[in-house]
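The structure appears right after this line, and notes come after that.
All of these numbers come straight from a predicted model, not from anything done at the bench. Residues: numbered from 1 along the sequence shown. Heavy-atom basis, side chains included; hydrogens, waters and symmetry copies ignored.
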Amino acid sequence: INRLETITDRFSKIGSKPELINENIVEIIHESVEYLKSRLPQKITFKVDAPLNQKHFILPVSKVLLEWVIENICKNAVDSMKGKGKIDIQINEQLEKVIINITDNGSGIDRGMTQSIFKPGFTSKKRGWGLGLSLSKRIVEEYHKGRIFVMQSVKNIGTTFTIELPKDQ
């Protein structure tokens with residue numbers, strides 16, 4: 001029931017401008033990872049890395065929508081790793097923004113496709129609607145005034161997605 005409430009909440013927020021509330025980004029990521037760990041193959045390992053001297057970053061965000069973005073990128077990573085591998089999430093701070101890098105050791109994305117993956121309907125899967133990354137882009141860029149992009153991807157080595165969120169909106 002809780003999961004259905006979360007899904008309903010996410011879709012209701014996609015249709016209208018969500019309220020952004022100061023939230024701890026590190027906690028949001030840890031909660032997302034804990035949720036995913038219980039639902040993904042045990043051969044997937046996660047590592048979350050935030051600077052030791054600053055274990056929290058408070059930013060104006062929609063927690064439920066940001067969790068959706070993190071989960072979507074991680075689930076895509078699991079698909080590209082075929083159920084076995086590691087996902088590293090690194091959180092860093094710059095003067096005006098927080099940067100979240102999500103790196104997997106999956107099959108990688110062809111260089112020519114790194115822009116197309118964010119378009120609605122694009123999918124490399126046999127099943128799927130191709131909406132996850134396009135919704136993630138909308139959540140990060142339109143609602144949070146940030147950026148999401150493929151930082152790097154190397155065939156059969158892995159991919160790093162970067163999410164940049166401004167400290168102030």
Pairing residues for [X] by the side-chain contact (heavy atoms from CB on, under 4.5 Å) criterion, not counting sequence neighbours:
X: L40; result: L36, F46, V78
X: Q115; result: none
X: Q94; result: K97, I99
X: I21; result: E19, E23

Which residues pass the side chain to side chain donor-acceptor pair (under 3.5 Å) test with [X], not counting sequence neighbours?
X: N105; value: none
X: T45; value: none
X: S107; value: none
X: Q152; value: none

> With a 4.5 Å heavy-atom cut-off, do M81 and K43 have their side chains touching?
Replying inline: no
> Does K84 have any salt bridge (Lys or Arg N to Asp or Glu O under 4.0 Å) partners at least two apart in sequence or in another chain, and if so, which?
Replying inline: none
>> Suppose we screen for salt bridge (Lys or Arg N to Asp or Glu O under 4.0 Å). Which residues come up paired with E96, at least two apart in sequence or across chains?
In response: none
> Checking side chain to side chain donor-acceptor pair (under 3.5 Å) against T103, which of T159, T160, D88 comes through?
Replying inline: T160
>> Please check this pair: side chain of H144 against backbone of S62, looking for a donor-acceptor N/O pair closer than 3.5 Å.
In response: yes
> Do the side chain of K86 and the main chain of I44 share a donor and acceptor less than 3.5 angstrom apart?
Replying inline: no
> Under a 4.0 Å N-O cut-off, is there an ion pair linking K137 with E142?
Replying inline: no
Nearest-0.5 Å distance, [atom1] of residue [X] to [atom2] of residue [Y]:
X: K63; Y: L20; atom1: NZ; atom2: CG; value: 14.5 Å
X: N72; Y: F161; atom1: CG; atom2: CZ; value: 8.5 Å
X: N92; Y: N101; atom1: CG; atom2: CG; value: 7.0 Å
X: N24; Y: H30; atom1: CG; atom2: NE2; value: 9.0 Å
X: S32; Y: K37; atom1: OG; atom2: NZ; value: 12.0 Å
X: F149; Y: I117; atom1: CZ; atom2: CD1; value: 12.0 Å

> Per the side chain to side chain contact (heavy atoms under 4.5 Å, CB included) rule, which among T162, I73, I102 passes with I148?
Replying inline: I73
> Do any pairs count as a salt bridge (Lys or Arg N to Asp or Glu O under 4.0 Å) and have a residue in residues 147-157, sequence neighbours left out, and if so which ones?
Replying inline: D110-K155, R147-E164
> So which heavy atom on K119 is nearest to which on S134, and how close?
Replying inline: C-CB, 4.0 Å
> Taking all atoms of both residues into account, what is the closest heavy-atom pair of I87 and A77, and its distance?
Replying inline: CD1-CB, 3.9 Å
